[in-house]
Amino acid sequence: MNKYRDSIQKNLYCFILAPVFMILEACGEFILPYLNANVIDKGAANGDIAYILQNGFYMVLVALVMLASGVLGAYFAIKGSSYLAADVRGKAFRKIQEFSFANIDAFSTGSLITRITNDITQIQNFAQSLMRGCFRSPVMLLGAVCMSFALNPKLAAVICVVIPFLGLAIAMIIRTASPRYTAMQVKLDSLNNRINETITNERVIKSFVREEYEKEKFADVNRVLMDKSIAALKMMILMQPISALAINITTLAVVWIAGKQIMIGDMDVGTLTAFITYLTQILTALNFLANIFLQGTRAAASDRRISEVLQADVDLTDTHAGKKDMEIENGEIEFRDVSFRYLKKNKENILDHINLRINAGEFIGIVGSTGSGKTSLISLIPRLYDVDEGAVLIDGTDVRELSLKKLRDSVSVVLQKNTLFSGTIAENLRWGSEDADMEELSRACRVAHAEEFIRTFPDGYETELEQGGTNLSGGQRQRLCIARALLKHPKILILDDSTSAVDTATDAGIRKAFREELNGMTKIIIAQRISSVMDADQIVVMDQGRIIDTGTHGELIKRCSTYQEIYFSQKEEA
């Protein structure tokens, strides 16, 4: 309940007024049948027009109060539950923003989307139903029972026999439905994961003509979700016929008993009419409460899933950082006997006892076969992941001792996947620096060799990008991402194969600009092409999670067989 307390306190008036107005409406529910019985038994039976008009006026007045109360109760219930959902959704989103890559991997993107949308919607619907029915239904139930006993205790006894059986049936339905709702939400995660993966990779799917294959995979996931949904929701379907059966059986019993009493003059017709109305209200109230309980079982499953997000242990924090105020001045990097693995249960390391020193301002190239650990190595510098053994130091200080914000402000990483957002080119570039003026944007783009193609667009820097920058070529996206990274004015710049889509001339131009204009910045480039790092101060050669050699291009080409193999294979292809 802690995650809801703040929202409830901020909007307490909604959570108070909604039940109050619904209780007022419920009071009218059992007052109206009583007034109607009086009109029939006393007014109509005796031909007393004045009495009929007087009670008719009271009935209209009660109905108007019920109308106003019902509308206001519903309004405040909707408002309060919407505020609640918005607040919890905001908390969940802020928590996800704190997640490390490992946390996101543990949940999966599709599951996080389901939790922050569908699961919170279930909580919202339950909160709304709770405010509208949790107080109204018990008041209506209790009031109708009391009025039934006041009208005819013998008939009221019939209701007391039916209620326990109906309550037992409802309890069995709820007990069966609860685990089925949890299973249904898990399958909804799978569906969202499938949709997310398919839409994200739509271009690849079309290029390989795999639409039919993807349709079949989606159909399978969709079918499983359908089966789980039917299994859960069919329990709710049972509620209506069971309640209807209880109402019909009880009504028959009441009419049978009351008919004899009316025949001998012990009961008036108006009293029977009111009694049947109260009977319907009692069973309707029970049915409404049962639906709230059923909604509650689904909301409870969603609540557990939301709590898993909010209570997740973020493995990368600076809570225990001893040097939060320290600024990175130089950008000197040292890997000191570093070992790392993504899955902590695995025995084999992704990186195995890495020792490497990078001087401030150096241009470092990293090469190696796919899966050699290049990306894993550079991910440890800005603490996208933490080492399992050893330490990564910047300016002589363990990165775990530094403030995450200051560390990441000083390190710009352009990852393999070039991510741009919908909006203008200028808006995307200002992710690097919110206050950057056009002169700064232009300078960063010149260094990244992006200025030349931006100027060809009619709107220049105000050109609108589609989501992911899909209206740009791969090379254009890479250059914009490099420019965005440069706008941070970092002490350390890391490019993870971020010039693979540009031609060799542009690649060379970018490297030249780096040397001429970024002298004080430590630059690390992971590259598949040897030509991209040939002029580096130091080239690191990796294989199977280890550094097998370091040196200049001239040194490595003489002594490192792995480097020679890569270089000559690319030379032959050229």
Side-chain angles (χ1 to χ4, degrees), residues 1 3-39 53-91 117-148 236 239-240 243 274 277-300 302-303:
M1 282 298 293
K3 55 182 168 291
Y4 309 119
R5 186 179 298 145
D6 292 342
S7 179
I8 292 173
Q9 288 176 346
K10 282 189 290 188
N11 306 284
L12 191 60
Y13 69 98
C14 290
F15 293 90
I16 292 175
L17 291 177
V20 166
F21 282 118
M22 298 314 296
I23 287 171
L24 283 175
E25 185 191 24
C27 291
E29 292 280 6
F30 56 80
I31 291 173
L32 277 178
Y34 179 78
L35 293 174
N36 186 53
N38 286 339
V39 167
L53 291 174
Q54 182 184 17
N55 279 269
F57 172 75
Y58 292 151
M59 290 176 71
V60 170
L61 189 62
V62 170
L64 290 174
V65 171
M66 286 174 65
L67 174 65
S69 298
V71 170
L72 289 170
Y75 169 75
F76 286 113
I78 292 169
K79 190 174 182 180
S81 61
S82 298
Y83 278 135
L84 180 72
D87 187 60
V88 176
R89 191 175 289 113
K91 288 179 181 177
T117 53
N118 184 272
D119 282 312
I120 291 177
T121 299
Q122 299 306 323
I123 299 294
Q124 178 180 348
N125 292 340
F126 175 63
Q128 185 184 143
S129 296
L130 201 63
M131 285 188 279
R132 294 183 68 177
C134 191
F135 294 94
R136 181 185 186 277
S137 296
V139 168
M140 189 167 74
L141 177 64
L142 184 61
V145 169
C146 291
M147 294 299 289
S148 298
M236 290 187 68
M239 287 292 302
Q240 191 63 37
S243 298
T277 303
Y278 288 134
L279 171 64
T280 304
Q281 287 178 0
I282 289 168
L283 298 177
T284 301
L286 281 172
N287 194 34
F288 199 91
L289 284 172
N291 279 320
I292 290 177
F293 278 117
L294 273 174
Q295 258 189 315
T297 60
R298 187 172 186 179
S302 294
D303 177 70

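By convention here, the first residue in the shown sequence is residue 1.
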(request) State the OG-CZ distance between S82 and R89, to the nearest 0.5 angstrom. (result) 9.0 Å

(request) Hey, could you give me the CG/CD1 distance between N125 and I78, rounded to the nearest 0.5 Å? (result) 10.5 Å

(request) Please report the closest heavy-atom contact between G73 and A18, naming both atoms and the distance. (result) O-CB, 3.6 Å

(request) Grab the two heavy atoms, one from I123 and one from A299, that are nearest each other, plus how far apart they are. (result) CD1-O, 3.3 Å

(request) Would you give the length of the straight line joining atom CE of M22 to atom CG of L72, rounded to the nearest 0.5 angstrom? (result) 10.0 Å

(message) In the structure I gave you, are the side-chain heavy atoms of L84 and Q124 within less than 4.5 Å of one another anywhere?
(response) no

(request) To the nearest 0.5 angstrom, please state how far the CG atom of D303 sits from the CD atom of Q122. (result) 12.0 Å

(request) Report the residues that fulfil side-chain contact (heavy atoms from CB on, under 4.5 Å) with Y75, sequence neighbours left out, ordered by chain and then residue number. (result) K79

(request) From the options F126, F21, F15, select the one residue that forms a side-chain contact (heavy atoms from CB on, under 4.5 Å) with M131. (result) F15

(request) Check A85 against I120 and note the closest heavy-atom contact, atom names and distance. (result) O-CG2, 3.6 Å

(request) Output all residues satisfying side-chain contact (heavy atoms from CB on, under 4.5 Å) with T117, sequence neighbours left out; order by chain, then residue number. (result) I113

(message) Can you classify the ring geometry of F76 versus Y13 as parallel (below 30°), tilted (30 to 60°) or perpendicular (above 60°)?
(response) perpendicular

(message) Return the CD1 to OG distance between I23 and S69, rounded to the nearest 0.5 Å.
(response) 10.5 Å

(request) Specify the closest pair of heavy atoms between C14 and P19, including all atoms of both residues, with the distance to one decimal. (result) O-CD, 4.1 Å

(message) So, using salt bridge (charged side-chain N to carboxylate O under 4.0 Å, His left out) as the criterion, who are the partners of D87 when residues are at least two apart?
(response) K10, K91

